[in-house]
Amino acid sequence: MLSHLGMSVAAAAAMLQRAWTFSYGIISGLLPIHVLMLMVVLVAGLAMLWRLHRPRDVYLVDYGCFLGDPCYRVPFAMALEHGRLMTDLIDEESLSFMVRLHEKSAIGEETSLPDSFRCIPPDSSIEASREEAELVIFSAVDKAFARSQVNPEDIDAVIVACSFTTLTPVFADVVVNRYKLGADVQSVNLSGMGCSGALIAVGLARNLLRVAPPGRHVLVIATEILSSMLYTGTKREMLVPNVLFRMGAAAMIMTNSPERARFRLGPIVRTLTAARDRDYRCAFQEEDDEGITGINLSKDLPVVAANALKGHITAFGPAVLPVSELLRVAFSIVRNRLFSAGTTKEYRPAFGEVFQHFCIHPGGRRVLYEVQRGLGLSDRDMEASHMTLHRFGNMASSSLLYELDYIEAKRWMKKGDRLCMISFSPGIDCSSVVWECVKPTADTDSGPWAGCIHRYPVQLPKIVERA
Ligand SMILES: CC(C)(COP(=O)(O)OP(=O)(O)OC[C@H]1O[C@@H](n2cnc3c(N)ncnc32)[C@H](O)[C@@H]1OP(=O)(O)O)[C@@H](O)C(=O)NCCC(=O)NCCSC(=O)CC(=O)O
């Protein structure tokens, strides 16, 4: 038995030695030029494999925003008169509370509301919601197609983010029907995702495009349909959305081919603090004591959102900050914990130096105020957010694209600039998306700011620190 094994080992060793002598003979016979050619072929093959298997870059070709005709405007005096005519629906105390809120909100005189709000009583029917959705969505999508020069037949997937109103067929299918998209189009409707809906949809589009063959397009639409959202009860926290939310929609065309693209998509980071009860309940859809449905926006939402943002930054920072800045943060944390028992202020990363532009969700003035403090941003960094809130109101997740258009209408966006979008929604969900400008726009005449950018920025009263 042992002798058999010994023979097998000896035979294998002999074969290996012969194979080695043979390959050594070939290798040693190669000229340097052959070795070089072999290496070139090897490297080219590896590069091709890497290109085939790496996730594709994703781009924004262009975007479009709904702009309400003057007939949709709600100047303050008109809203007040309208409220007074509905005494059986809105009592005097609630009305005067909303007037006080409006005065503090820094929302201007040109924001838009749907026609259904002009009826007495307001029309909250399905038909009214569908009419509003078709008005704002089709207008935004038409503009996105016109600006991007992409045709409806080029669209491979449609994603619609609309939080509080969902109809059947869903809005994504309404878009497929309107633009007669092919039967193989993928349609997705995101509801209940709040004001982060647009950025969550961008993340979903990225995931689809990364693995799709080149030249694919995803149409992303963000809106909030208000017709059925008017709260007619008396609970203060639930009256706040009546004052802040306005009509709007934005559409983006994303692709995985760089031709014609205007922005390259960078890191996307999403964090959710719904496990904390205070965060989970601070924006809550519910019925009041009389059974009237609305969204309860807790008074401490701005502070809760700012705290959630702190945690978010811990996840977002490493994805976007340079190593030098990360080292500074790490050093400050260690110094604080080890040497000063948490008494000194931790170093706040200089986000204003990493990004040239910011679009922060304009949830309300106080939300913006807390975010500015938390991130240490300048007034100029916050300008697009404040001015969007003033000119258009809180249009849920579509607001971010109005802010981008503000930056572009001001001609601030330059090739290579980095833009950071941050939004919040009930949960609390914090989402951040980074874009790098590939090609600044040549067209500043077709966006929502075209007719009024010369009047902005406007002066806003300072926000008073709460006790
Ligand atoms: C509403 C505001 C513009 C008001 O401005 P100020 O805070 O400067 O004014 P202020 O403190 O004097 O408040 C004015 C009056 O309103 C009352 N008040 C303020 N906020 C309240 C609230 N949430 N619930 C009940 N009352 C409230 C104050 O007590 C005061 O009452 P009195 O006059 O009796 O003393 C601001 O507070 C704000 O921006 N809040 C954040 C709004 C918010 O939650 N946005 C997120 C939307 S949800 C979103 O965007 C994301 C999503 O849906 O996904």
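We count ligands from 1, going down the list as the structure has it; atoms in each ligand are counted the same way. Source: prediction; values computed, not measured.
Taking the charged nitrogens against the carboxylate oxygens, R328 and E325 do have a contact shorter than 4.0 Å, which makes a salt bridge. Residues E436 and R264 are paired through a salt bridge, judged by an N-O separation under 4.0 Å between the basic side chain and the carboxylate.
Summarising the geometry of K415 relative to P440, their closest heavy-atom pair is N-CG, 3.5 Å, with the distance given to 0.1 Å. What you find for P122 and L89 is that their closest heavy atoms are CD-CD1, 3.6 Å.
When K410, R391, R147 are each tested for a salt bridge (charged side-chain N to carboxylate O under 4.0 Å, His left out) with D405, only one passes: R147.
Annotation: side chain of I313 is not in contact with side chain of R348 (no heavy-atom distance under 4.5 Å).
The closest approach between any non-hydrogen atom of A283 and ligand 1 is not below 4.0 Å. Heavy atoms of E224 stay at 4.0 angstrom or farther from ligand 1. Within the 4.0 Å heavy-atom shell around ligand 1 one finds F97.
The residue from I295, L244, L101 that puts a heavy atom closest to atom 42 (C) of ligand 1 is L244.
What sits closest to atom 49 (C) of ligand 1 on the protein, heavy atoms only, is C195 SG, 3.3 Å. Annotation: atom 29 (O) of ligand 1 to nearest protein heavy atom, K299 NZ, 2.7 Å. With hydrogens left out, the protein atom closest to atom 34 (O) of ligand 1 is R100 NH2, 3.0 Å, a heavy atom.
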